[in-house]
A.B. asks: 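Just dropping this structure here.
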Amino acid sequence: CGTLIIYIGWYGKFYGPDQMQPALISISLFYLMFLIIPSLHSLVRRMPQALEDMVLIVFNAIFSFTIFYSVLFHDYRYTLGFVVLGQAIWVFVLFWIWTKRVGMDNPTSTSLLVIALGLILLVVPIQLKLYGIPIAWGMEGVVLVLLGIRFRQIICRFAGIVALILAVGGL
């Protein structure tokens, strides 16, 4: 909470176009720090993660996306898409490490997978325009459903269905 308050205070008072680089560097470092640090203890001990740690990871992803969006969307929209894709990749790597180390059947792996899939779904409307969005969501939905069936992941199937519903709605 302290980091959030300090960053929002700095952003509100000092942020301008000439401060884009420090804003992006600091939010990137905060993102990685609050993604990795809450998971380290549980990963090392191979035990379930505390609820507050999971909430911190979810809130971190939402807050970081919001800051990246507010800094980059208007002037650097396509860069924002790659940044959000990078966020998703970091979460997915942590998910992969978590499943190898702790296992798949726990709330933490589910939360990490949901965050990664949500960020992947958000990349599409940031990067593409017009009919490219529903077409990409349709392809993404099919891939996610097939991956969900292949790896027996209900969350992947659900994300694929959401992507397909978004594609149909977009068309």
A.B. asks: Is there side-chain contact between Pro125 and Trp137, with heavy atoms separated by less than 4.5 Å?
C.D. replies: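 SC-SC contact between Pro125 and Trp137 confirmed.
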A.B. asks: Compare every heavy atom of Gly141 with every heavy atom of Ala163, then report the nearest pair and how far apart it is.
C.D. replies: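 Closest pair (atom of Ala163, atom of Gly141, distance): CB-CA, 3.6 Å.
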A.B. asks: What is the minimum heavy-atom distance between Ala167 and Pro134, and which atoms define it?
C.D. replies: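 Minimum heavy-atom contact is CB-O, 3.2 Å.
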A.B. asks: Should Leu80 and Met20 be counted in the same cluster of Ile, Leu, Val, Met, Phe, Trp and Tyr side chains packed under 4.5 Å apart?
C.D. replies: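 Both belong to a single hydrophobic cluster.
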A.B. asks: Where do Val102 and Met47 land on the side-chain contact (heavy atoms from CB on, under 4.5 Å) test, with the steps shown first?
C.D. replies: CA-CA 6 Å; Val102 180; Met47 56 187 252; over 6 Å; no
A.B. asks: Locate the shortest heavy-atom distance separating Val124 from Ala136; write the atom from each residue and the value.
C.D. replies: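 It is CG1-CB, 3.7 Å.
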A.B. asks: Could you measure the distance from the CD1 atom of Ile27 to the CZ atom of Phe34? Nearest 0.5 Å is fine.
C.D. replies: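 Going from CD1 on Ile27 over to CZ on Phe34, the span is 9.5 Å.
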A.B. asks: Are Val143 and Phe158 connected into the same hydrophobic cluster when the rule is that any two of I, L, V, M, F, W, Y join if their side-chain heavy atoms are below 4.5 Å apart?
C.D. replies: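 Not linked; separate clusters.
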A.B. asks: Measure across Gly148 and Cys156 and return the closest heavy-atom pair with its distance rounded to 0.1 Å.
C.D. replies: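 Closest heavy-atom pair between Gly148 and Cys156: CA-CB, 3.5 Å.
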A.B. asks: Measure from the side-chain N and O atoms of Arg77 to the backbone N and O of Ile126, and report whether any donor-acceptor pair falls under 3.5 Å.
C.D. replies: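 Yes; at least one donor-acceptor contact below 3.5 Å.
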A.B. asks: Atom CG of Leu117 and atom CD of Glu140: how far apart are they, to the nearest 0.5 Å?
C.D. replies: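 If I round to the nearest 0.5 Å, the distance is 8.5 Å.
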A.B. asks: Can you find a pair of side-chain heavy atoms, one from Thr110 and one from Ile155, that are under 4.5 Å apart?
C.D. replies: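 Side chain of Thr110 against side chain of Ile155, heavy atoms only: contact under 4.5 Å found.
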A.B. asks: Just grab all the ring pair (Phe, Tyr, Trp, His ring centres under 6.0 Å) pairs involving residues 89-117, residues at least two apart or on different chains.
C.D. replies: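 Output for this query lists Phe92-Phe95.
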A.B. asks: Can you tell me how far apart CG (Leu113) and CD1 (Ile154) are? Round to the nearest 0.5 Å.
C.D. replies: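 So the gap between those two atoms works out to 11.5 Å.
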A.B. asks: Heavy-atom count check: over 12 atoms from other residues, nucleotides or ligands less than 6.0 Å from Tyr7 OH?
C.D. replies: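 Atom OH in Tyr7 is packed in, count exceeds 12.
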A.B. asks: Indicate if Ile133 and Val142 have the same hydrophobic cluster label, given that clusters are the connected sets of ILVMFWY residues with side-chain heavy-atom separations under 4.5 angstrom.
C.D. replies: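 Unlinked, Ile133 and Val142 end up in two clusters.
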A.B. asks: Measuring from atom CD of Gln21 to atom OG of Ser26, what distance do you get when rounded to the nearest 0.5 angstrom?
C.D. replies: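 So the gap between those two atoms works out to 10.5 Å.
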A.B. asks: CD1 of Ile37 to CG of Leu32: how many Å apart, nearest 0.5 Å?
C.D. replies: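 Here the interatomic distance stands at 10.0 Å.
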A.B. asks: Can you give each donor-acceptor pair under 3.5 Å made by side-chain atoms of residues 51-68, sequence neighbours left out, with the distance rounded to 0.1 Å?
C.D. replies:
| from | atom 1 | to | atom 2 | distance (Å) |
| --- | --- | --- | --- | --- |
| Asn60 | OD1 | Ser64 | OG | 3.3 |
| Asn60 | ND2 | Tyr31 | O | 2.9 |
| Ser64 | OG | Asn60 | O | 2.9 |
| Thr66 | OG1 | Ile62 | O | 2.8 |

A.B. asks: Students often mix this up, so state it plainly: with edges at 30° and 60°, are the rings of Phe73 and Tyr69 parallel, tilted or perpendicular?
C.D. replies: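 Phe73 and Tyr69: parallel rings.
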A.B. asks: Are Val168 and Leu164 close enough that some pair of their side-chain heavy atoms sits under 4.5 Å apart?
C.D. replies: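 Side chain of Val168 against side chain of Leu164, heavy atoms only: no contact under 4.5 Å found.
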A.B. asks: Hey, quick one: are Leu122 and Leu128 part of the same hydrophobic cluster, counting side-chain heavy atoms closer than 4.5 Å, chains of contacts allowed?
C.D. replies: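 Different hydrophobic clusters.
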A.B. asks: Could you label the plane-to-plane angle of the Tyr11 and Tyr15 rings as parallel, tilted or perpendicular, counting under 30° as parallel and over 60° as perpendicular?
C.D. replies: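 Answer is parallel, since the angle falls under 30°.
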A.B. asks: Nearest 0.5 angstrom please: Leu35 CG to Leu112 CG, how far?
C.D. replies: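 Reported to 0.5 Å precision, the distance equals 7.0 Å.
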A.B. asks: Looking at Ala159 and Leu121, what are the two nearest heavy atoms and their distance?
C.D. replies: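 Heavy atoms of Ala159 and Leu121 come nearest at O-CD1, 4.3 Å.
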A.B. asks: Could you tell me whether the side chain of Ile120 reaches within less than 4.5 Å of the side chain of Leu144, counting heavy atoms only?
C.D. replies: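 Leu144 does not reach Ile120 side chain to side chain.
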A.B. asks: Do any pairs count as a side-chain hydrogen bond (donor to acceptor under 3.5 Å, both in side chains) and have a residue in residues 37-48, sequence neighbours left out, and if so which ones?
C.D. replies: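 Sorted pair list: Ser39-Gln49, His41-Arg45.
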A.B. asks: Under a 4.5 Å side-chain heavy-atom rule over Ile, Leu, Val, Met, Phe, Trp and Tyr, are Ile135 and Val123 clustered together?
C.D. replies: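 Not linked; separate clusters.
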A.B. asks: Evaluate the criterion side-chain contact (heavy atoms from CB on, under 4.5 Å) for residue pair Leu43 and Ile97; output intermediate values, then yes/no.
C.D. replies: CA-CA 8 Å; Leu43 278 173; Ile97 292 169; 4.2 Å; yes
